[in-house]
Amino acid sequence: MDLKNSKYIVLEIIPTKVSGGDVAQLSALKIDGIKLVDRFDYRLDKSKINIPDILRMLDYDNESFKYVKTTKTLMKNFKKFIEDLPLLIIDNTYTRNYLEDIDNKKESIFKYLGLEVTDDVFDKLMNKYGLEPSYYLVDLLYEALIKEL
């Protein structure tokens with residue numbers, strides 16, 4: 001895909017389990033070329049998450065997210081947001097598991113950044129592009145794409 005001349009979605013999913021759990025948080029950016037068009041920042045209502053480590057991980061910018069009571073509602077809103085646009089994903093098992101019911105084209109974002117998914121890929125990404133740490137991984141990915149393109 002020619003990213004400079006395409007519309008696409010960059011996303012990050014934080015699940016409660018590798019598969020069969022809930023989506024605790026989903027952040028996505030709708031991008032046209034390198035221009036940010038819209039963003040999607042949703043979380044599952046914290047009363048529905050019974051995993052202390054996940055709750056700690058999500059304890060930032062609480063007012064910036066829309067909260068929903070079920071993963072089904074979150075994913076329904078996400079499907080509306082993405083339309084039929086291609087998805088640039090953090091290509092790991094759980095992301096693919098949670099997106100299996102979505103028919104949009106899916107590609108690894110790291111293909112466009114010359115990186116591979118590893119446990120330290122975001123450290124490598126920040127070093128490669130001179131980026132500051134952020135809780136918003138989608139923003140780091142977007143900044144890297146801007147520098148790459």
ask   = Are Tyr42 and Phe78 close enough that their ring centers fall under 6.0 Å?
value = no
query = Between the side chains of Tyr136 and Asp61, does any donor sit under 3.5 Å from an acceptor?
reply = yes
inquiry  = Can you see whether Tyr129 engages Glu148 through a side-chain donor-acceptor pair at a distance of less than 3.5 angstrom?
reply    =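 Short answer, yes.
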inquiry  = Given Pro86, which partner from the list Glu107, Lys7, Met1 fulfils the side chain to side chain contact (heavy atoms under 4.5 Å, CB included) test?
reply    =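 When side chain to side chain contact (heavy atoms under 4.5 Å, CB included) is applied between Pro86 and each of Glu107, Lys7, Met1, only Met1 qualifies.
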For [Y], does its backbone N or O pair with a side-chain atom of [X] as donor and acceptor, under 3.5 Å?
X: Ser6; Y: Asp2; result: yes
X: Tyr67; Y: Asn62; result: yes
X: Lys105; Y: Leu87; result: no
X: Asp45; Y: Ser47; result: yes
X: Lys46; Y: Leu44; result: no
X: Lys128; Y: Leu113; result: yes

Electrostatic pair [X]:[Y] at N-O distance under 4.0 angstrom:
X: Asp59; Y: Arg56; value: no
X: Asp41; Y: Arg39; value: yes
X: Glu116; Y: Lys124; value: no

ask   = Does NZ or CZ of Lys30 lie under 6.0 Å from the centre of the six-membered ring of Phe81, at an angle within 45° of the ring axis?
value =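 Ring-cation test returns yes.
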key: Spacing of CG belonging to Asp32 relative to CG belonging to Asp38, to within rounding of 0.5 Å   =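 The distance works out to 12.0 Å.
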